[in-house]
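Model, not experiment: these values are computed from the prediction. Counting from 1, the numbers follow the sequence of the chain as shown. Numbering of ligands and ligand atoms starts at 1, following listing order.
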Amino acid sequence: MTESDRDLVEKAREAMGRAKADYSGFSVGAAVITADGRVFTGANIEVSVFGLSMCAERVALFKAYSEGGRDIVALAVAGSTARPISPCGACRQVIWELAPDARLLLANRDGSAVAEHNPADLLPRGFFLDTDRN
Ligand code: THU
């Protein structure tokens, strides 16, 4: 891992501290960085209608896109887990579409274990809204 990877993992871990996870008790943080060096963070936010809650990865990616950040080169995720977090299926589709070329840095709660992946290995044959490509 480079120094900038380590910084991004630390930003994801800091974001984890801003999770609103009062129903599950499970905090997640994420941080994305664009080619021009802009960083956007996200944390999971839970509401009382549980299905309306949102994962940290999607908060970070939607923040980036809505602020004009497009070319995402890396995405770090940190979960309150002993082993590196494994993103949920919904986030895998969103990562695959919005950050197809990103390096994924998946970390555990204290950042001592970081697994590197790419979007296609987390989601083989993701969904395309294109009848010819499916
Ligand atoms: N969660 C995330 O934020 N990211 C994931 O990849 C897995 C799950 C959140 C959703 C919910 O707030 C809590 O973790 C437990 O599922």
Side-chain angles (χ1 to χ4, degrees):
M1 272 208 309
T2 65
E3 202 170 311
S4 100
D5 290 347
R6 175 46 61 194
D7 278 357
L8 202 65
V9 168
E10 284 312 305
K11 288 194 167 82
R13 292 186 58 237
E14 284 164 27
M16 186 167 65
R18 298 189 287 273
K20 180 184 177 303
D22 26 14
Y23 299 105
S24 70
F26 188 88
S27 298
V28 184
V32 303
I33 187 165
T34 59
D36 60 4
R38 297 170 74 195
V39 173
F40 300 88
T41 62
N44 59 321
I45 306 296
E46 297 180 352
V47 295
S48 57
V49 181
F50 304 153
L52 302 182
S53 302
M54 185 50 62
C55 293
E57 297 91 321
R58 281 178 280 165
V59 171
L61 285 166
F62 294 162
K63 277 172 70 178
Y65 267 66
S66 62
E67 296 297 324
R70 284 292 186 277
D71 192 4
I72 291 160
V73 294
L75 162 60
V77 190
S80 42
T81 45
R83 292 192 297 163
I85 184 151
S86 182
C88 81
C91 287
R92 290 176 191 222
Q93 173 72 28
V94 173
I95 293 167
W96 185 80
E97 283 197 57
L98 299 187
D101 302 318
R103 295 171 52 239
L104 307 181
L105 305 167
L106 307 179
N108 64 347
R109 66 179 149 243
D110 63 6
S112 60
V114 180
E116 186 168 340
H117 289 274
N118 60 59
D121 87 61
L122 287 192
L123 184 69
R125 298 197 71 242
F127 175 72
F128 283 109
L129 190 59
D130 178 333
T131 50
D132 295 327
R133 288 174 87 178
N134 272 292

Task: Summary of ring pair (Phe, Tyr, Trp, His ring centres under 6.0 Å) pairs that have at least one residue in residues 6-26, sequence neighbours excluded - done: Tyr23-Phe50
TODO: Answer yes or no: does an N/O atom from Cys88 fall short of 3.5 Å to an N/O atom of ligand 1?
DONE: yes
- [ ] Considering heavy atoms of the protein only, find what lies nearest to atom 15 (C) of ligand 1 and give residue, atom and distance to 0.1 Å.
- [x] Ser24 OG, 3.7 Å
Open item on the list: Quick check on atom 3 (O) of ligand 1 - does any protein heavy atom sit closer than 4.0 Å to it?
Closed with: yes
Task: Taking atom 9 (C) of ligand 1 as the reference point, the nearest protein heavy atom with its distance - done: Asn44 ND2, 3.5 Å
TODO: Check whether the side chains of Glu14 and Thr41 place a donor and an acceptor atom closer than 3.5 Å, and report yes or no.
DONE: no
Open item on the list: Considering Arg92, Glu57, Lys20 one by one, which has a heavy atom nearer to atom 6 (O) of ligand 1 than any of the others?
Closed with: Glu57
TODO: State yes or no: do Leu104 and Trp96 share one hydrophobic cluster built from I, L, V, M, F, W and Y residues joined by side-chain heavy-atom distances below 4.5 Å, directly or via other members?
DONE: no
- [ ] Examine Ser86 against ligand 1 and note whether any of their N/O atoms are separated by less than 3.5 Å.
- [x] no
Task: Heteroatom distance test (Ala56, ligand 1): nitrogen or oxygen, under 3.5 angstrom - done: yes
Task: Presence of salt bridge, Glu3 and Arg6, under 4.0 angstrom - done: no
- [ ] Please identify which atoms of ligand 1 are closer than 4.0 Å to at least one heavy atom of Cys55.
- [x] 1 (N), 2 (C), 3 (O), 4 (N), 10 (C)
Task: Side chain, backbone, both or neither: Ser53 near ligand 1, heavy atoms under 4.0 Å - done: neither
Task: For Val9, the option from Leu106, Val77, Leu105 that meets side chain to side chain contact (heavy atoms under 4.5 Å, CB included) - done: Leu105
Open item on the list: For Met54, which part has a heavy atom under 4.0 Å from ligand 1: side chain, backbone, both, or neither?
Closed with: neither
TODO: Tell me, please: is Cys91 in heavy-atom contact with ligand 1, that is, under 4.0 Å?
DONE: no
Task: Close N or O approach (Glu46, ligand 1; < 3.5 Å) - done: yes
- [ ] Could you walk me through whether Leu61 and Ile72 pass the side-chain contact (heavy atoms from CB on, under 4.5 Å) test, one step at a time?
- [x] CA-CA 9 Å; Leu61 285 166; Ile72 291 160; 3.6 Å; yes
Open item on the list: Rounded at 0.5 Å granularity, tell me how far CZ in Arg38 sits from CG in Asp71.
Closed with: 12.0 Å
Open item on the list: Checking Ser66 now: which residues fulfil side-chain contact (heavy atoms from CB on, under 4.5 Å) with it, not counting sequence neighbours?
Closed with: none
